[in-house]
Student: 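So that we are looking at the same thing, I have put the structure below in structure tokens.
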Amino acid sequence: MTQAQGGLRGWSAARRGKVSRLRLTSLRLRLVVVFGAVALTAAVSASGIAYWLNREAVLTRTQGSVLRDFEQEMQNRAGSLPEHPSQDELQHTAGQMANSSQRFSVLLVAADGSGQTVYGNSGGLNGFSLEDVPGSLRTAVNRQQDVGGGNKSPYHVYWQRVVVHGTPYLVAGTKVIGGGPTGYMRKSLEPEAKDLNSLAWSLGIATALALVGAALLAQAAATTVLKPVHRLGVAARRLGEGRLDTRLRVSGTDELADLSRTFNRTAEALEKRVDDMAARDEASRRFVADMSHELRTPLTAITTVAEVLEEELDAESGSIDPMIEPAVRLVVSETRRLNNLVENLMEVTRFDAGTARLVLDDVDVADQITACIDARAWLDAVDLDAERGIHALLDPRRLDVILANLIGNALKHGGSPVRVSVSTADDSVVIAVRDHGPGIPEDVLPHVFDRFYKASASRPRSEGSGLGLSIALENAHIHGGEITAANSPEGGAVFTLRLPRGVSERTEDDCEVGGVGDGDEQGVRAVPDKGDAT
């Protein structure tokens, strides 16, 4: 059953492929149609002209031969009759005339001695009769012409083609000059009609063959033209997928070859540009990493001095001059802010370089959130709605970084109470952080996770660096999760964190389960960035 289904799917896919190649908008089909239309027009025109020329030639030749023979018979035999012949004489003469080489039917009409009209028919009573002669032809035959100038005879031979019961005939008539009978002739053109029908069939078959040949020629031409275009399309898709080393094999000097050369030059320039940008990006990341590492040593000393000064400020001895106390507090605050910025830059550098690693452990999500809130003394400002017992395989330190940034950001910009709820859905744990502030402006929503982005341009010196939410998002991504920001219909902003409860495909090869991380990671503690925009 499975093989049958697979065969059916394969047949269906092949059929769809053929249909897609012959869709109405395809260049291949249009080429075939244009070639076919041109070939059909040319073949039909040529066949029509050939048929018409051959028809006229056959009919003219047959008609001329018959009319000459009839005119000669009228002169020789009918002209020898008396002016008022009897019916027997007419009948005998008509029979003789019909035995000529052309084998036509003859009708002779004359007036006998008593003035009665008599008829002589080569075919007897049921033969050729006067009713078979068109009236217009009889009128023309009996009309006497004026003699003079270019007209030397009062009577001429007149002819007409008629069709009787589907059979074509040539009917002609003339009158004996100087008095005598009027003669009519009828000759069947059926043999000529059969010859012309055979010619028409031959021309029709030739037209059909020409049309088929044109279609095959169009197919060959389309294949020749479209194969380079298809290769160019495949190469463009490969280039769009990031395979910048894609090149086309170029042969020939036509326009398609020029297009392939242009594509190769463009791909080469793009590859060089991307390599240059990657090199500059790598140099920038290395510079940030080196700078952050170099700043950590003096910052450690400065932080130690700042902590001593802060202790002196909090001491009751009052050893610091009240005049410089604001300056000392500013130094302590800015030192702490600079230290946080350096630590965040180092964390961002790890994400950009792809060296960030997970140290996974079985975590009770509710306990982890409680620990995060308690460590930062937010218990009075945060409402937690989470049942214990919801476990997930996560990195506790990175989860703490995410929670600290989301909750701290909500407290800073949204206002308390901040509500944190935990639920499960589709093998994932969902943590929602909602505040009761004014919400996030619509023009800010797409940028809340951008690095160094601040909603208020009038507060460039705020405590935050604009990196907290971006670091939280990167930590969610390395778990295989996601963070989204939106406005609640009831007011306030809602940040929703969704993390897988097990090891995701994205982190399975880049994580260490249990234990502690490498030494460099142990020195990093990303604190909540209170200056991020919500």
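The figures that follow rest on heavy atoms only: side chains count, while hydrogens, waters and symmetry mates do not. One is the number of the first residue; the rest follow in order along the sequence.
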Student: Within the supplied structure, the quantity of interest is the number of heavy atoms (other residues, nucleotides, ligands) at a distance under 6.0 Å from N197 CG; does it exceed 12?
Tutor: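 Buried by this count: over 12 neighbours within 6.0 Å.
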
Student: To the nearest 0.5 Å, what is the distance between CG on D195 and CG on N54?
Tutor: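 Nearest 0.5 Å value for the CG-CG distance: 10.5 Å.
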
Student: How far does CG of N99 sit from CZ of R77, to the nearest 0.5 angstrom?
Tutor: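 One finds 8.0 Å between CG of N99 and CZ of R77.
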
Student: Considering residues, nucleotides and ligands other than D426, do more than 12 of their heavy atoms fall under 6.0 Å from its CG?
Tutor: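 Atom CG in D426 is not crowded, with 12 or fewer foreign heavy atoms closer than 6.0 Å.
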
Student: Go through the steps for T266 and L239 under the test side chain to side chain contact (heavy atoms under 4.5 Å, CB included), then give the verdict.
Tutor: CA-CA 10 Å; T266 303; L239 193 66; 5.8 Å; no

Student: Looking at residues at least two apart in the chain, or sitting in another chain, which of them share a ring pair (Phe, Tyr, Trp, His ring centres under 6.0 Å) with H447?
Tutor: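 Scan of H447 (ring pair (Phe, Tyr, Trp, His ring centres under 6.0 Å), adjacent residues dropped) gives Y453.
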
Student: Under 3.5 Å, side chain of S198 to main-chain N/O of K194, donor-acceptor pair present?
Tutor: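 Pair found, side chain donor or acceptor close to backbone of K194.
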
Student: Drop me the distance from S488's OG to D435's CG, to the nearest 0.5 angstrom.
Tutor: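 Spacing of OG (S488) from CG (D435) equals 9.0 Å.
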
Student: What are the two closest non-hydrogen atoms of Y169 and V164, and how far apart are they?
Tutor: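 Answer, listing the atom of Y169 first, then V164: CE1-CB, 3.8 Å.
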
Student: Restricting to non-hydrogen atoms, name the atom on G481 and the atom on L499 that form the minimum distance, rounded to 0.1 Å.
Tutor: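 Looking at all heavy atoms of both residues, the closest pair is CA-CD2, 4.0 Å.
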
Student: Verify, without hydrogens or angle tests, whether Q91 (side chain) and G120 (backbone) share a donor-acceptor contact under 3.5 angstrom.
Tutor: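 Absent.
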
Student: Checking side chain to side chain contact (heavy atoms under 4.5 Å, CB included) for the pair R161/L59: CA distance, chi angles, key distance, verdict?
Tutor: CA-CA 10 Å; R161 295 179 193 146; L59 294 179; 3.6 Å; yes

Student: Step by step, would you call V66 with W159 a side chain to side chain contact (heavy atoms under 4.5 Å, CB included)?
Tutor: CA-CA 11 Å; V66 171; W159 58 269; over 6 Å; no

Student: Does atom CD of E255 have more than 12 heavy-atom neighbours, drawn from other residues, nucleotides or ligands, at distances under 6.0 Å?
Tutor: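 Count not over threshold, so no.
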
Student: Check salt bridge (Lys or Arg N to Asp or Glu O under 4.0 Å) between E271 and all other residues, then give those that pass, not counting sequence neighbours.
Tutor: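 Checked E271 against salt bridge (Lys or Arg N to Asp or Glu O under 4.0 Å); matches are R247.
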
Student: Any side-chain heavy atom of S86 within less than 4.5 Å of one from V118?
Tutor: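 Heavy-atom side-chain distance check fails, nothing below 4.5 Å.
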
Student: Roughly how far, to the nearest 0.5 Å, is the NE2 atom of H84 from the OG atom of S114?
Tutor: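 The NE2 atom of H84 is 10.0 Å from OG of S114, to the nearest 0.5 Å.
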
Student: Decide side chain to side chain contact (heavy atoms under 4.5 Å, CB included) for M185 and D69; before the verdict, give the C-alpha distance in whole Å, the side-chain angles of both, and the deciding distance to 0.1 Å.
Tutor: CA-CA 10 Å; M185 175 276 303; D69 195 26; over 6 Å; no

Student: Evaluate whether atom NE2 of H391 has more than 12 neighbouring non-hydrogen atoms of other residues, nucleotides or ligands under 6.0 angstrom away.
Tutor: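 Counting other residues, nucleotides and ligands, NE2 of H391 exceeds 12 neighbours.
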
Student: Tell me, please, which residues at least two apart from D276 pass salt bridge (Lys or Arg N to Asp or Glu O under 4.0 Å).
Tutor: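 So D276 forms a salt bridge (Lys or Arg N to Asp or Glu O under 4.0 Å) with K272.
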
Student: Using salt bridge (Lys or Arg N to Asp or Glu O under 4.0 Å) as the criterion, list what pairs up with D275, not counting sequence neighbours.
Tutor: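 With neighbours one apart ignored, the set is empty.
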
Student: Within the 4.5 Å heavy-atom criterion, are N487 and L445 side-chain neighbours or not?
Tutor: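 Touching, per the 4.5 Å side-chain cut-off.
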
Student: Where do L394 and P500 come nearest, in terms of heavy atoms and distance?
Tutor: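 Closest heavy-atom pair between L394 and P500: CD2-O, 3.7 Å.
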
Student: In the structure I gave you, are the side-chain heavy atoms of L497 and V433 within less than 4.5 Å of one another anywhere?
Tutor: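 Of all side-chain heavy-atom pairs linking V433 with L497, none is under 4.5 Å.
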
Student: The criterion is side chain to side chain donor-acceptor pair (under 3.5 Å); which residues satisfy it with E482, sequence neighbours excluded?
Tutor: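 With sequence neighbours excluded, E482 shows a side chain to side chain donor-acceptor pair (under 3.5 Å) to H477, given in chain and number order.
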
Student: Measure the CD-CZ distance between Q160 and R138 for me, rounded to the nearest 0.5 Å.
Tutor: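 Nearest 0.5 Å value for the CD-CZ distance: 11.0 Å.
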
Student: Which pair of non-hydrogen atoms, one from F70 and one from F104, has the smallest distance, and what is that distance?
Tutor: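 In terms of heavy atoms, the two residues are closest at CA-CZ, 3.9 Å.
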
Student: Rounded to the nearest 0.5 Å, how far does CG of L108 lie from NE2 of H92?
Tutor: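 One gets 11.5 Å once the value is rounded to the nearest 0.5 Å.
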
Student: Do S129 and E131 have side-chain N/O donor and acceptor atoms under 3.5 Å apart?
Tutor: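 Side-chain D/A pair, S129 to E131: present.
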
Student: Between S100 (side chain only) and M97 (backbone N and O only), is there a donor and an acceptor less than 3.5 Å apart?
Tutor: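 Yes; at least one donor-acceptor contact below 3.5 Å.
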
Student: Does the T174 side chain pair with the main chain of H156, one donor and one acceptor, at a distance under 3.5 Å?
Tutor: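 Answer holds: yes.
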
Student: Could you give the side-chain donor-acceptor pairs of residues 203-218 under 3.5 Å, partners two or more places apart or in another chain?
Tutor:
| residue | atom | partner | partner atom | Å |
| --- | --- | --- | --- | --- |
| T207 | OG1 | S47 | OG | 2.9 |
| T207 | OG1 | L203 | O | 2.8 |

Student: Looking only at non-hydrogen atoms, find the nearest pair between E89 and P82 and report the distance.
Tutor: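 Taking E89 first and P82 second, the nearest heavy atoms are OE1-CG, 3.7 Å.
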
Student: Identify the residue among V171, D132, L137 that makes a side chain to side chain contact (heavy atoms under 4.5 Å, CB included) with V162.
Tutor: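 Exactly one pass, corresponding to V171.
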
Student: So which atom in A476 and which in I483 form the shortest heavy-atom distance, rounded to 0.1 Å?
Tutor: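 Minimum heavy-atom separation between A476 and I483: CB-CG1, 3.7 Å.
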
